[in-house]
Amino acid sequence: MVDALRRRGITDEAVLTAMDAVPRHFFLDKAFEEHAYEDKPFPIGNQQTISQPFTVAYQTSLLEVQPRDKVLEIGTGSGYQAAILAALKARVYTVERQEALYLQAKDLLAEMGFSGVRCLFRDGSKGLPEYAPYDKIIVTAGAPVVPEPLREQLAIGGILVIPVGEEVQYMYKITRVSETEYKEEMLDAFRFVPFLEGVRRK
Ligand code: SAH
């Protein structure tokens, strides 16, 4: 899998090492287990998907994660992206709006020894103000616009990586330069499952 990521242009060695270390097959349904190391997304139930490895590598590289960074992820899904962030030694807070996925990912991450990852059942469109500010914020669902609370919850110098758009999303890397200034870069096109407001109980 890591060789395929290198061929597609991922060069961040720390990210590649983390992706080599975390077994992706644990995060997939048994039915897809033998395909876990192919560069493809897979269904994880509740109309959601685990992002394809290239997308995880791409977003994680943009975050420039440093050990001990406080990182907020919106869209826990399977928990795979959160595990990659934890493998990079970040302090991870991850938020999921679907209770069934939240419960499953929370148990799996604990069983796998990622006990430092804090999982929360929450609508992430308001961010997670009680632990703000964050050094990094990553959104793994396609948002029509950048939710204002996420910008506000970035530390100065912090980075927000978010796919923005309706049908197709463009990856945005937003850096908080000062209290009032943000630098925005629009990057490549992707297709994510939609970012939705409100929570869904089991
Ligand atoms: N990072 C995940 C990708 C899961 S797909 C992984 O590694 O598997 C995106 C997830 O975002 C879905 O589980 C979806 O339910 C969730 N999501 C969408 N909108 C959300 C919101 N407003 N708050 C929290 N989670 C959200």
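Atoms within a ligand are numbered from 1 in the order they appear, just like the ligands themselves. Every heavy atom of this structure was used, including side-chain atoms; hydrogens, water molecules and symmetry mates were not.
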Open item on the list: My understanding is that only one of Val15, Val22, Thr17 makes a side-chain contact (heavy atoms from CB on, under 4.5 Å) with Met19; could you say which?
Closed with: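 Checked Val15, Val22, Thr17 against Met19; only one passes side-chain contact (heavy atoms from CB on, under 4.5 Å): Val15.
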Open item on the list: Test of understanding: with side-chain contact (heavy atoms from CB on, under 4.5 Å), list the residues that count as partners of Asp29, not counting sequence neighbours.
Closed with: Ala31, Phe32
- [ ] Under the side-chain contact (heavy atoms from CB on, under 4.5 Å) rule, collect the residues that match up with Gln47, sequence neighbours excluded.
- [x] Arg200
Open item on the list: Under a plain distance cut-off of 3.5 Å, with no hydrogens placed, do Gln59 and Thr140 share a side-chain donor-acceptor pair?
Closed with: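 No.
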Open item on the list: At less than 4.0 angstrom from any atom of ligand 1, which residues have a non-hydrogen atom? List them by chain and residue number.
Closed with: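 Residues within 4.0 Å of ligand 1: Gln48, Thr49, Ile50, Ser51, Glu73, Ile74, Gly75, Thr76, Gly77, Ser78, Tyr80, Gln81, Val95, Glu96, Arg97, Gln98, Leu101, Arg122, Asp123, Gly124, Ser125, Thr140, Ala141, Val193, Pro194, Phe195, Leu196.
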Task: N-O pairing of Arg6 and Glu13 below 4.0 Å - done: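 Yes, this pair counts.
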Open item on the list: For Thr94, give me all partners under side chain to side chain donor-acceptor pair (under 3.5 Å), at least two apart in sequence or on another chain.
Closed with: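 Partners of Thr94 under the side chain to side chain donor-acceptor pair (under 3.5 Å) test: Glu73, Thr76.
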